[in-house]
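The sequence lines fix the lettering, A, B, ..., with proteins before strands; numbering per chain opens at 1. Bear in mind the structure is a predicted one, so any value in this text is a computation, not a measurement.
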Amino acid sequence: MGNSSLQIIAENVSVIASPKTWIEGGAIQQLQTTAKLPGMHRVVGMPDLHPGRGYPVGAAFFSVGRFYPALIGGDIGCGMRLLKTDLSIAKLSLDKLVKRLGNIDAPLIEQNDFWRERVRSYQLQESGFEPSLGTIGGGNHFAELQQITEVFDQQIFSAHGLDRKQVMLLVHSGSRGFGGQILRQHIEQYGHHGLAEDDAAATSYWQQHQQALHFALCNRSLIAERICANLATHAEPILDIHHNFLSEVSIDGARGFLHRKGATPADEGLIVIPGSRGDYSFVVQARLGNQGELASHSLFSLAHGAGRKWMRSECEPRLKQRYTVAQLSRTALDSRVVCHDKGLIFEEAPEAYKPIDSVIESLQDAGLIHVVAKLKPLISYKTSGGCCL
DNA sequence: ATGTGC
């Protein structure tokens with residue numbers, strides 16, 4: 001690549017980030033630790049890299065002979081679904097839309113027969129987590145209505161059925177408690193040592209992982225259906241991409257396992273990289289070309305968002321003097337925030353995240369993406385419940 | 001992240 005956005009940390013450790021992109025030292029430390037795991041061939045941090053529970057978030061890990069469920073984390077199948085709604089941008093009233101959206105936190109299967117039937121129509125295997133289907137969850141998960149403000153490549157834009165006159169819907173959620181249970185049960189039995197590929201337990205994890213990926217995708221689809229029903233509209237899915245998952249691939253002639261944790265695949269078509277609730281999102285196309293070096297150095301992966309800059313626990317102390325909760329319910333881009341949970345509205349403040357420009361520029365400088373369109377938030381929905389608000 | 005932990 002030979003550019004300033006590729007940082008070589010060690011022989012098999014690299015980070016894709018421009019010099020001006022903030023990367024916390026602790027995250028690099030975690031990246032180097034994972035690089036030393038048995039069988040690990042290469043690890044790469046994306047520009048949204050930040051520290052996680054033991055292992056970093058915003059990274060991809062390639063191992064041979066064994067794989068590590070803990071590197072995927074508990075939210076197996078977490079991802080982004082982008083849809084084009086039938087709502088017209090013209091004459092939009094955000095306050096009316098917020099009212100019509102209402103509360104979408106309760107289990108869908110507890111709503112009525114219509115929704116029970118909609119959930120059943122997905123024919124998911126029984127998991128015990130059926131009440132979570134159609135619900136967004138907490139943390140960084142959200143559903144957001146967006147407006148396309150700029151188009152950089154009209155041809156790709158139109159070819160994917162995008163239209164700047166229509167409101168977009170972005171859903172970020174995953175497998176809820178289901179993936180968490182799969183990881184917890186795995187760790188209880190096998191610890192953090194990973195699994196040899198020919199171990200029977202590897203097959204078992206693999207099957208459960210596939211089930212969680214499907215659960216997560218169906219969950220995003222149900223969330224979108226539910227939002228559309230409340231807004232009396234219909235939406236056409238443009239893309240749905242996981243960023244927490246395991247896959248079997250060949251890289252530099254070695255067949256092995258690619259772990260993605262907060263890393264969007266660069267080989268599954270058009271993707272969306274969202275900024276914080278107070279920042280833009282970008283629809284981009286990966287540019288892997290046919291040179292193996294670019295693809296293998298990035299492990300066929302891209303950033304999955306802006307990446308946290310502040311730990312959750314330091315957000316409220318740092319911001320409560322500066323903003324009231326009412327102020328946090330609007331953003332600098334004049335979007336509305338639905339988050340009736342005081343802790344969460346601080347934890348997810350735009351200030352807690354890196355500027356999305358630095359993430360997009362890093363990927364562009366590295367030659368990894370082609371930017372197609374820019375979207376601004378209209379309404380960011382987190383939760384209507386929670387406490388203390 | 002979490003039908004969330006003592």
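- Remark: P of B:dG3 and CG of A:Asp75 are 9 Å apart, rounded to the nearest angstrom.
- In this structure, A:Arg318 is positioned above the aromatic face of A:Trp310, its NZ or CZ under 6.0 Å from the six-membered ring centre and within 45° of the axis.
- Counting any heavy atom pair closer than 4.0 Å across all strands shown, A:Gly180 reaches no nucleic acid atom.
- Among the heavy atoms of the strands, none lies under 4.0 Å from A:Arg184.
- Base contact: A:Gly128 has a heavy atom under 4.0 Å from a base atom.
- Under a cutoff of 6.0 Å and an axis angle of 45°, A:Lys374 and A:Tyr280 form a cation-pi pair.
- The CG atom of A:Leu108 sits 15 Å away from the C1' atom of B:dG3 (whole-angstrom rounding).
- As rounded to whole Å, 12 Å separates atom P of B:dG5 from atom CZ of A:Arg53.
- At whole-Å resolution of the value, CZ in A:Phe178 and P in B:dG3 are 12 Å apart.
- Separating the CZ atom of A:Phe215 from the C1' atom of B:dT2 is a distance of 13 Å, rounded to the nearest angstrom.
- Looking at heavy-atom distances under 4.0 Å, A:Gly74 makes no contact with the nucleic acid at all.
- One can place CG of A:Leu344 at 14 Å from C1' of B:dT4, the figure rounded to the nearest angstrom.
- Distance A:Leu183 CG to B:dT4 P: 17 Å, rounded to the nearest Å.
- A:Lys382 and A:Glu348 are joined by a salt bridge, as a carboxylate oxygen and a charged side-chain nitrogen come within less than 4.0 angstrom of each other.
- Ring-centre distance between A:His243 and A:His172: below the 6.0 Å cut-off.
- The NE2-C1' distance, from A:His141 to B:dT4, rounds to 14 Å in whole Å.
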